[in-house]
Amino acid sequence: MKIIITGATKGIGRAIAEKFASEGFDVAVCARSEADLVSFKKDFEEKYGVEVLTKAADMRQKADVLAFADFVKQQWGEVDCL
């Protein structure tokens, strides 16, 4: 199973990502901070053994939203949950 979670490196987004990853979901996440994404990816792959896709994106910017969607689509094709 595959899920997309925006803003998942902190707060509620991270808690949601933790829950799904603990259930075996692969996660695709975006956030504005590349450093936060690198840390997130390492942590989740080690802790949960799931596939993690990351891409820096600002969801306030239409171009970033579209670029993130294209990135996930190219990697996975389809997702099970958004």
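- When the side chains of ILVMFWY residues are joined at heavy-atom separations under 4.5 Å, either directly or via intervening members, Val72 and Val65 end up in a single hydrophobic cluster.
- Interatomic distance, Asp80 CG to Ile4 CD1, rounded to the nearest 0.5 Å: 10.0 Å.
- Note that the CZ atom of Arg32 and the CG atom of Asp58 stand 5.5 Å from one another [nearest 0.5 Å].
- Cluster membership for Met59 and Val27, using ILVMFWY side-chain heavy atoms within less than 4.5 angstrom, is not shared.
- Phe20 contributes atom CZ, which lies 4.0 Å from atom CD1 of Ile3 (distance to the nearest 0.5 angstrom).
- Side-chain contact between Met1 and Cys81: absent, with no pair of heavy atoms (C-beta onward) separated by less than 4.5 Å.
- Annotation: side chain of Glu18 is in contact with side chain of Phe44 (closest heavy-atom distance under 4.5 Å).
- Under a hydrophobic-cluster definition in which Ile, Leu, Val, Met, Phe, Trp and Tyr are linked whenever side-chain heavy atoms come within less than 4.5 Å, directly or via other members, Leu82 and Leu66 are assigned to different clusters.
- Note that CZ of Phe40 and CD of Glu45 are 9.5 Å apart. Values are rounded to the nearest 0.5 Å.
- We find the CZ-NZ distance between Phe68 and Lys73 to be 14.0 Å, quoted to the nearest 0.5 Å.
- In this structure, Ser39 contributes its side chain and Asp36 its backbone to no donor-acceptor pair below 3.5 Å.
- Looking at Asp26, its side chain never comes within 3.5 Å of a backbone N or O of Lys2 through a donor-acceptor pair.
- Using a 4.5 Å heavy-atom cutoff, the side chains of Leu37 and Val29 are in contact.
- Note on Ile5: it clusters hydrophobically with Val50, by side-chain heavy-atom contacts below 4.5 Å among ILVMFWY residues.
- For the pair Trp76 and Glu51, the minimum side-chain heavy-atom distance is below 4.5 Å.
- Among all heavy-atom pairs drawn from Cys30 and Thr6, the shortest one is SG-CG2, 3.6 Å.
- In this structure, NZ in Lys41 is found 14.5 Å from OG1 in Thr9, a value given to the nearest 0.5 Å.
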